Amino acid sequence: MAGYIKSAGLIAAFLVIFFPCPALAEEVNFSVIPAEVRIANLPPGESEQFNLTIHNKDEIAHNFTVSAFSPPEEERREGTAEFPDDSWISFSSPRIEIAPNSQANVMVTTAIPGGQKWAGQHWETWLAVTAESSDLLSVKLHVRLLVSTVRTGFNAGLIAAIAVAVVLLGFGGYSYFRHRAKAH
Amino acid sequence: MKVVVTSIVIALILGLAISLPVLAQQNSTITITMTGLNEISISLDKTQWPLGTIASNTEYETSPAIEWCTLTVQGTCNVNTFIVGDDAEWVSDPAAYKWTLSNDGTNGEHIYGLFFRISGDTARGYVPITKTQSEFWPYSGGSASSLAPGDTKQFGLRLLTPTYFFSGRQMQTQITISAVAA
């Protein structure tokens, strides 16, 4: 009998309540526009802004958070590298409450520091939009952000071509006038 | 004659000196492209799994096992989806006690395992959910493609409780399913 009580006690000691109560369920239905943003020719030292539109399709208000997320290499678009620093991306409202069946814009600013080091780069990062929830399952939507910076270095090919053209032009002019002088 | 040639050369050098710095800075206009103003959205028809009282070192599965929850692609673009889990925390005092989520589906003292299984996915079967975001659908090595608007995927969960844990504590965790434009 004592053994039975002991093992019953042991089992009871291992019992817990797991996961929240269904009464607290907060299913969230939302969308984000656009799904992908490409910023091209952004010079180092400058910034660019665009809007993300979050649409709360539920009958109740929800809080949404927006943050930068570094995707794994295999998920990035071909030819893009990891975005160097998430702090270069800022949001007008990292956390925003949206009324039922309404939408709101979050302005995203991408600011690249100055310096030749950041010129001619192609990066990808994701902007994660999450609806705050205490449920077991939650949904997060990622917006792809692809940023290409402009090249600021010398265009060696073009400059060489111009130099050659100048030399040829100079030589041509010299030959022409020399020929004219001889004719006279 | 020499004056003419010298003048031409000087003029060319001056022209080059003025044009080079301009050419050095490539002409550019910043452009922002928002691909077709695509809308991204997915939904889940269940977000709760109330298990009640559970025992240690035991497996629990959702019912129905692999058709418990339906993920639906609702936006206007094809998506790739991912899944990530987290430690389970004591609801009353999250900082004081937690179960660590295993990184391979095994369990231990205060360590638990979580799995998902997608209906029709016979190749992978139950896949461990870890704290690192991993592929939900499609997955590497599989022949499946990304999910199109209107597509659905049914899946279920499995919980493997720790071999030992403190009793009488309500634990809570969160599994996040995410999507990105394919």
Side-chain angles (χ1 to χ4, degrees), chain A residues 11-22 25-27 29-43 46 48 50 71-72 74-75 126 128 130 133-144 150-155 158-159 162-163 166 169-170 173-174 177-178 181, chain B residues 1 4-5 8-9 12 16 19-20 23-26 28-44 46-56 69 74-75 77 80 88 91 133 140 159 161 164-181:
Chain A
I11 291 166
F14 286 166
L15 301 180
V16 294
I17 305 297
F18 194 78
F19 299 137
C21 166
E26 294 178 10
E27 194 176 337
N29 187 5
F30 70 105
S31 68
V32 180
I33 296 174
E36 183 172 314
V37 179
R38 288 174 185 268
I39 301 176
N41 298 323
L42 184 60
E46 291 194 20
E48 195 56 53
F50 61 90
E74 62 272 16
E75 300 300 337
W126 292 357
T130 313
S133 163
S134 60
D135 288 2
L136 169 65
L137 287 176
S138 71
V139 168
K140 183 182 282 187
L141 300 176
H142 294 292
V143 174
R144 286 185 192 267
V150 72
R151 286 185 186 279
T152 56
F154 281 90
N155 188 331
L158 183 61
I159 288 166
I162 288 171
V166 165
L169 203 59
Y174 173 73
F177 284 113
R178 195 177 172 192
Chain B
M1 176 61 199
V4 173
V5 172
I8 289 171
V9 170
L12 289 171
L16 200 58
S19 63
L20 278 183
L23 291 166
Q25 190 81 33
Q26 265 194 344
S28 68
T29 306
I30 302 170
T31 55
I32 297 187
T33 312
M34 299 187 178
T35 316
L37 285 180
N38 274 341
E39 179 184 47
I40 183 166
S41 180
I42 59 169
S43 69
L44 304 170
K46 277 192 193 66
T47 56
Q48 289 281 342
W49 184 20
L51 275 164
T53 304
I54 58 172
S56 63
C69 180
Q74 292 195 318
C77 61
N80 295 336
V91 173
Q133 180 176 283
S140 351
L159 164 73
T161 59
Y164 175 79
F165 55 79
F166 296 150
S167 66
R169 297 183 179 185
Q170 184 175 346
M171 305 300 287
Q172 181 175 328
T173 190
Q174 194 159 58
I175 298 167
T176 303
I177 296 183
S178 61
V180 70

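In this text, all values refer to a predicted model and were calculated from it rather than measured experimentally. Letters A, B, ... are given to chains in the order of the sequence lines, protein chains preceding strands, and every chain is numbered from 1.
For B:Thr161 (side chain) and B:Ala55 (main-chain N/O), a donor-acceptor pair under 3.5 Å exists by modelled atom type. Under the 3.5 Å distance criterion, the side-chain polar atoms of B:Gln133 are left unmatched by any main-chain donor or acceptor of A:Pro72.
The candidate from B:Cys77, B:Ser178, B:Gly75, B:Ser140 with the greatest count of non-hydrogen atom pairs under 4.5 Å with chain A is B:Ser178. No other option in B:Ile42, B:Val180, B:Asn80, B:Val91 has as many heavy-atom pairs under 4.5 Å with chain A as B:Val180.
Using a 4.5 Å cut-off between heavy atoms, A:Glu75 contacts chain B through its side chain alone, with no backbone atom that close.
Here the closest non-hydrogen pair linking A:Ser134 and B:Gln172 is O-NE2, 3.1 Å. The heavy-atom pair separating B:Ile177 from A:Leu137 by the smallest distance is CD1-CD2, 4.5 Å.
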